[in-house]
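Here's the structure, in structure tokens; my notes come after.
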Amino acid sequence: MYALMAGQEVCLLPEGGTPAPARLDEAERQRPRWVWADTRESYPPLVAAGRRVSRCHDITLTESLLLAHDGRYGEARSAEAAHARLHGLPVPDDADGPAARQDTLFEPERLRLGPAELAEVLHDQLRRIEALPEPGRFRLLVAAESAGALAAAEMARDGMPWRRDIHDALLTGLLGPRPVHGMRPAKLQALADEVTAAFGHQVNPDSVQQLVKAFKGAGLAIRSTRSEEIRQLDHPAVRPLLAYKELARLYSFHGWVWADQWVREGRFRPEYVVGGVVSGRWATSGGGALQIPKVMRKVVVADDGWTLIVADAAQLEPRVLAAMAGDVGLAGAAGEIDLYSALATSFGGQREQAKLAMLSAMYGGTSGDAPKLLAVMRQRFPDAYRFVEDAAKAGEDGKIVRSWLGRTSPPPSPRWRELVAGPDGNRAARDRGRFTRNFVVQATAAEWALAMLAVLRGRLPEPARLVFFQHDEVMVHCPLDLAEPVRAAVTAAAAEASRLLFGGTPVRFPMEAVAVSCYADAK
DNA sequence: AATTACGGCGCC
DNA sequence: AAAGGGCGCCGTAATT
């Protein structure tokens with residue numbers, strides 16, 4: 001049973017029938033799959049009112065996946081656009097595109113689809129999905145993507161526990177007391193002064209130009225001011241400069257100003273963007289939730305009487321590669337908890353060598369020992385090797401590639417085609433090859449994680465809450481006495497995701513969940 | 001004054 | 001000769 005939400009209107013949509021008006025409560029009792037143009041618009045008000053729904057079909061996210069599968073990149077993906085295309089009408093720009101934001105004052109009110117039109121678009125999408133070569137997989141992708149949108153809205157509401165008092169103490173300890181606006185914190189200023197003293201003249205450590213010039217004046221030519229390069233130098237400014245860089249980033253990215261903006265009522269509430277990365281990983285539109293530095297983890301503390309269940313999938317990407325490629329040898333190693341240790345004997349007994357070989361295969365690495373290790377991989381794990389090589393070759397040839405469930409890479413840009421035809425053509429081709437090589441693995445890993453999240457969300461006992469999701473890691477906040485059931489739910493969700501994507505693969509996807517009161521204790 | 005591009009670095 | 005994928009966000013510098 002589908003239930004439609006078009007603006008304020010709610011309708012029930014029986015299989016093959018037409019939408020009939022209904023009340024929200026009445027519709028929800030049928031446990032329907034909710035259909036709406038955009039979860040980001042329709043769901044937050046429900047969540048704010050204390051409601052949750054179990055599943056949905058997000059028209060916009062689905063349209064985006066379908067267009068991409070068709071090799072159509074950059075076309076408007078809103079429900080209104082999908083409806084317009086269906087009827088050969090002029091297609092409106094996406095409302096959230098940067099171009100559409102200009103002149104909003106004079107733009108006409110955004111066209112909204114009514115229930116009948118929304119149903120039309122839904123049926124069109126379902127029909128297009130059935131026409132795909134792997135409709136079952138794509139249906140799973142659409143369901144997982146839509147469930148992700150629900151989870152993202154809920155997490156934005158629930159938020160990750162964030163102790164401002166601990167945060168403030170951490171910042172004060174590292175930087176000195178919070179400064180008045182426009183000033184550097186005391187310890188940061190002291191380091192900047194040390195840098196200046198070391199050069200014998202005023203140097204702003206935030207300025208790349210000034211640093212390059214200052215080091216040049218000291219007889220040290222540098223190509224960049226990256227920490228790794230600065231670290232190699234023999235100069236009294238090096239120590240305070242490196243310390244400055246580290247603390248300055250903490251201050252500006254996750255300092256007091258950031259907390260004022262993003263932490264309220266003891267919760268950090270980031271804005272996730274589902275499908276924000278072409279590979280299907282989530283992005284964030286503010287708050288930098290996916291870049292929280294590890295030193296900040298001690299600030300994330302469960303409420304009294306509650307606990308944090310933290311879990312991440314171990315070595316997800318090589319396992320996904322093993323499962324996708326159907327590589328028997330690699331799948332054997334991926335049947336172990338530590339995949340890299342299991343591979344070590346194949347790579348001269350060194351775990352690190354095995355890890356580097358796998359990463360090089362998935363990222364297209366070629367430096368250092370990579371060529372040698374890749375040659376070993378080609379021999380020992382030919383199916384996995386060929387799988388990523390084929391993806392790279394497709395990218396170099398300007399073709400699109402797809403994830404396991406059918407998420408599709410963007411086609412090359414016209415600019416890329418120009419470059420490939422030009423003098424640096426090989427370079428451009430190889431760059432894209434690395435992208436498509438990585439895409440097939442990263443996108444499928446994202447699918448596994450999304451499926452796991454969707455299953456876990458459905459299995460959490462009340463009042464446990466998902467509070468964080470980062471590529472291959474989840475965090476649940478729950479009362480202490482639910483720690484075991486939640487841990488079990490995580491394990492079960494990982495197993496179910498593996499089954500949903502890969503059926504009876506011998507590859508294991510270990511996902512161990514630990515109960516901690518503080519995030520910093522999770523690893 | 002406001003916007004855009006770049007270097008750098010945090011996370012996976 | 002060497003060449004690793006994906007992001008977001010800051011401050012500075014360049015551009016309008």
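Everything numeric here is computed off the predicted structure, so don't read it as measured data. Letters go in sequence order (proteins before strands), and every chain restarts at 1.
For DNA chain C, the residues of residues 432-455 of chain A within the heavy-atom distance limit of 4.0 Å (strictly under) are R434(A), F435(A), N438(A), Q442(A), sorted by number. Scanning residues 350-359 of chain A for heavy-atom distances under 4.0 Å to DNA chain C yields L356(A). Taken residue by residue, residues 205-233 of chain A places heavy atoms nearer than 4.0 Å to DNA chain C at D206(A), S207(A), Q209(A). For residues 277-284 of chain A, proximity to DNA chain C is found at V277(A), V278(A), R281(A), A283(A), T284(A), defined as any non-hydrogen atom under 4.0 angstrom from a strand atom. Within residues 241-254 of chain A, the residues that place at least one heavy atom under 4.0 Å from DNA chain B are, in residue-number order, K245(A), R249(A), F253(A).
The salt bridge (charged side-chain N to carboxylate O under 4.0 Å, His left out) check on E154(A) picks up R52(A), R457(A), with sequence neighbours excluded. Under the salt bridge (charged side-chain N to carboxylate O under 4.0 Å, His left out) criterion, R417(A) pairs with no residue, sequence neighbours left out. For the salt bridge (charged side-chain N to carboxylate O under 4.0 Å, His left out) test, no residue two or more places apart in sequence or in another chain qualifies with R157(A).
With a heavy-atom cut-off of 4.0 Å to chain A, the contacted part of DNA chain C has its first and last nucleotide at dA3(C) to dA14(C).
Each of G368(A) and H471(A) was matched to the nucleotide of DNA chain C holding its nearest heavy atom; the match closer to the 5' end belongs to G368(A).
Applying the salt bridge (charged side-chain N to carboxylate O under 4.0 Å, His left out) test to every pair with at least one member in residues 360-382 of chain A, sequence neighbours left out, gives no pairs at all. The salt bridge (charged side-chain N to carboxylate O under 4.0 Å, His left out) pairs that include a residue from residues 181-190 of chain A are R184(A)-D206(A), where partners are two or more places apart or lie in different chains. For the salt bridge (charged side-chain N to carboxylate O under 4.0 Å, His left out) condition, no pair includes a residue of residues 287-297 of chain A, sequence neighbours left out.
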